Structures are given as structure tokens and as C-alpha cells.
Amino acid sequence: MLEVHDLSFAYKDQQIFQHLSFTIQDGEIVGLVAPNGTGKTTLLKLLCGLLPTGIDTLKLNGLSLHAKRIAYLKQLFFLESSNQLYQDLTVKDHLTYVKAVWHSKVEIEPVVESLGMVGYYKKVIKDLSLGMKQHVLLAMYIISDAQTMLIDEPLNGLDPTSIQEFEEVFLQLKAKGKSLVISSHQMDSVGRTCDHVFFLKNQTLHNVANTGQDMMSVYNHFFPKAGA
Ligand SMILES: Nc1ncnc2c1ncn2[C@@H]1O[C@H](COP(=O)(O)OP(=O)(O)OP(=O)(O)O)[C@@H](O)[C@H]1O
């Protein structure tokens with residue numbers, strides 16, 4: 001369980017969040033939704049200690065980020081984007097590295113096969129398309145076997161079949177008890193996969209349970225078009 005208590009953050013004089021508090025249970029998928037530049041990536045970075053937070057702000061399964069930083073981070077996987085993959089290393093290198101560092105028991109080959117990555121498993125990252133790199137990122141998440149996964153716009157650049165595959169993977173991870181926080185602009189996908197959606201607005205967070213409602217309408221409620 002991820003517990004966030006009274007989280008505030010500003011970049012110099014730009015306040016991004018004020019007094020956020022929320023909990024994410026094991027086996028829950030939470031969507032992070034907001035217009036460009038609101039703070040989705042910033043929130044993910046805060047949750048994994050890449051940006052500073054208060055002493056008692058973050059706890060993962062009872063472990064405080066401040067008091068038990070290494071133990072906290074071992075339970076979590078986050079890679080901001082496929083731009084951060086090593087250009088001159090292969091897909092295999094990345095997956096082998098993650099398996100070793102996270103001491104994971106997840107076998108690499110079945111993941112590569114199930115995600116349709118066999119054809120480019122031995123290629124270097126710089127020779128892959130955006131969609132292929134998104135697959136590499138997802139494979140890294142699966143192989144990490146981390147309890148909590150923070151995933152930033154995973155569906156960017158994916159074809160419709162791949163979007164369906166990714167959604168299936170998210171639901172499989174949820175069924176294994178993983179917690180996923182997924183930032184996304186794709187409201188139909190958010191509606192199909194998320195248990196809760198955090199709409200970020202005015203430096204705070206509106207927690208909406210997914211009861212099967214049309215998430216695009218909820219989005220328009222929080223973020224009406226100019227002149228509407
Ligand atoms: N390192 C930084 N230094 C200063 N300001 C930053 C920094 N990173 C982000 N910002 C600002 O913080 C705000 C939130 O940015 P963030 O990247 O978290 O938004 P986002 O919701 O993820 O956007 P997008 O949907 O476009 O990816 C923006 O106004 C951005 O300019």
C-alpha cells in the first residue's frame with residue numbers, strides 16, 4: 001500500500017501541488033489525468049524520490065521514503081520515458097539488467113514472446129521505433145516484478161492492437177496484486193483499466209472511482225474547453 005500524506009511541491013516559484021493526501025491499495029490501478037503541463041510526471045517523480053518531499057509524506061508498505069529509502073525504492077519501478085533507455089545497448093541488455101538489479105524471478109523469454117518482441121530482442125535501442133521502445137519499457141516493468149509500478153504515458157506511439165495488449169498486461173499485473181499508477185491522456189483506456197482516476201486540477205487531486213461512467217465526460221467536467 002502506498003500512503004501519501006500532505007504532499008506539497010513547487011518548482012522555484014511555481015506551485016504544483018498543495019496538501020495532497022491519498023492511499024493506493026495493492027491490486028489497484030490508478031489513472032493520473034490532467035492537461036499537459038499540470039504535474040502528472042512531477043507527481044510520479046515525487047512518489048519515487050526523484051524530487052524532494054517532507055519527512056513523513058511517503059510510505060510504501062509501511063516503509064518511509066525518508067527513513068528507509070533503499071527498502072522503499074526496492075519495491076517500486078519507474079522509468080520516466082523511453083528516451084531514458086541506453087541507445088547503444090540492446091533490448092536483451094536492458095531486460096537482463098532489470099532482472100538482476102531487482103533480483104526478480106520473472107523469466108525474460110516468455111515476456112519477450114508474449115509482447116511480440118522476439119524480432120527485435122537483440123537490436124540496440126537506437127534502431128527501434130517509439131512503439132517498440134514502449135514495449136521494451138513495459139517488459140522492464142513486468143520483469144522487475146516490483147510491487148508498485150509508476151508508468152508515465154505508456155500508450156504513446158502504440159498501434160490499436162498494442163494498446164489492447166498493454167491493457168491486458170495492466171490487468172494481469174493488477175490480478176497479481178501489483179499497484180499501478182498510470183498517467184494517460186487516453187480516456188477510453190483509462191475507463192477500461194483504472195479502478196480510480198486522479199484528476200489533477202488547481203494544485204490538488206480529485207479522486208474519482210471508476211463505476212463505468214464515460215471518463216471523457218468526467219474529463220470535460222473538470223477541464224471544460226475554452227468558451228464552453
Ligand atoms: N525541472 C523542472 N523545473 C522547472 N519546472 C518544471 C520542471 N519540470 C516540469 N516543470 C513544470 O512543471 C509543470 C508540470 O510539469 P509536468 O511535466 O509534471 O506536467 P505533465 O502533467 O506531466 O505534462 P504532460 O502531459 O505534457 O506530460 C509544467 O508547468 C512544467 O513546465
Side-chain angles (χ1 to χ4, degrees), residues 2 4-22 24 28-54 57-58 60 65 69 72-73 76-85 129-138 140-141 146 148-159 162-163 166-167 170 179-208 210 214-226 228:
L2 174 65
V4 177
H5 175 68
D6 199 18
L7 170 64
S8 297
F9 180 77
Y11 288 111
K12 293 186 182 158
D13 55 355
Q14 184 186 5
Q15 192 71 37
I16 305 293
F17 297 118
Q18 292 201 67
H19 309 300
L20 301 190
S21 292
F22 58 88
I24 298 175
E28 254 185 359
I29 304 182
V30 171
L32 274 190
V33 171
N36 295 129
T38 306
K40 298 178 295 298
T41 302
T42 301
L43 182 55
L44 295 178
K45 286 182 175 174
L46 286 161
L47 297 182
C48 65
L50 287 173
L51 293 169
T53 50
T57 309
L58 295 171
L60 195 46
L65 174 65
R69 187 176 176 89
Y72 177 107
L73 293 177
L76 182 147
F77 194 94
F78 174 65
L79 194 58
E80 186 179 339
S81 83
S82 55
N83 292 333
Q84 292 174 319
L85 298 172
S129 71
L130 172 60
M132 289 166 159
K133 286 187 271 193
Q134 295 289 62
H135 280 72
V136 177
L137 269 187
L138 183 64
M140 290 168 75
Y141 275 90
T148 300
M149 304 186 179
L150 311 177
I151 316 179
D152 205 359
E153 301 189 24
L155 306 181
N156 279 359
L158 294 186
D159 61 54
S162 299
I163 290 177
F166 273 46
E167 289 176 1
F170 298 153
S179 308
L180 277 65
V181 184
I182 305 176
S183 85
S184 182
H185 293 294
Q186 315 243 1
M187 299 314 300
D188 48 352
S189 178
V190 164
R192 286 192 293 269
T193 51
C194 295
D195 299 294
H196 287 261
V197 184
F198 293 171
F199 290 89
L200 307 180
K201 185 176 180 182
N202 296 338
Q203 302 162 6
T204 190
L205 172 160
H206 302 265
N207 184 356
V208 176
N210 185 356
D214 174 14
M215 282 296 170
M216 193 65 221
S217 301
V218 183
Y219 184 92
N220 288 331
H221 164 75
F222 283 112
F223 311 108
K225 288 181 210 146

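Each ligand, and each atom within it, is numbered from 1 in the order the structure gives. Note that the structure is predicted; figures quoted are calculated from it, not measured.
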Query raised in the report: Can you name the nearest heavy-atom pair linking Leu130 to Gly157, along with the distance?
Result: CD2-CA, 3.8 Å
Query raised in the report: How about atom 31 (O) of ligand 1: does it have a protein heavy atom within less than 4.0 Å?
Result: no
Report summary line: Of Glu153, Lys40, His185, Lys12, the one whose closest heavy atom lies nearest atom 27 (O) of ligand 1 is Glu153
Query raised in the report: Are any non-hydrogen side-chain atoms of Leu43 and Leu7 less than 4.5 angstrom apart?
Result: yes
Query raised in the report: Purely on distance, is any nitrogen or oxygen of Gly37 under 3.5 Å from one on ligand 1?
Result: yes
Query raised in the report: Does a side chain donor of either Glu167 or Ser189 reach within less than 3.5 Å of an acceptor in the other side chain?
Result: yes
Requested in this report: Could you check whether the rings of Phe223 and Tyr219 sit parallel, tilted or perpendicular, using 30° and 60° as the cut-offs?
Outcome: tilted
Report task. Output yes when the distance from some N or O of ligand 1 to some N or O of Ala34 is under 3.5 Å, and no in every other case. Result -> no
Report task. Provide, to 0.1 Å, the distance between atom 26 (O) of ligand 1 and the closest protein heavy atom, together with that atom's residue and name. Result -> Asn36 ND2, 3.1 Å
Query raised in the report: Can you tell me which residue and heavy atom of the protein come closest to atom 29 (O) of ligand 1, and the distance to 0.1 Å?
Result: Gln14 NE2, 3.0 Å
Requested in this report: Mind checking whether Ile16 contacts ligand 1 via backbone (N, CA, C, O), side chain (CB onward), both or neither, at a 4.0 Å heavy-atom cut-off?
Outcome: side chain
Query raised in the report: Taking all non-hydrogen atoms of both residues, which atom of Ser184 and which atom of Val190 are closest, and how far apart?
Result: CB-CG2, 3.8 Å
Requested in this report: Looking only at protein heavy atoms, identify the closest one to atom 17 (O) of ligand 1 and say how far it is in Å.
Outcome: Thr41 CB, 3.8 Å
Query - Minimum non-hydrogen distance to atom 5 (N) of ligand 1, winning option of Phe17, Phe9, Tyr11 - result: Tyr11
**Report entry** Asn210 side chain vs Cys194 backbone, donor-acceptor pair below 3.5 Å
**Finding:** yes
Query raised in the report: Can you tell if the side chain of Leu85 reaches within under 4.5 Å of the side chain of Leu79, non-hydrogen atoms only?
Result: yes
Query raised in the report: Taking the six-membered ring for Trp, are Tyr141 and Phe77 ring centroids under 6.0 Å apart?
Result: yes
**Report entry** For atom 16 (P) of ligand 1, closest protein heavy-atom neighbour
**Finding:** Thr42 OG1, 3.7 Å
Report summary line: the protein heavy atom lying closest to atom 19 (O) of ligand 1 turns out to be Gly39 N, 3.2 Å
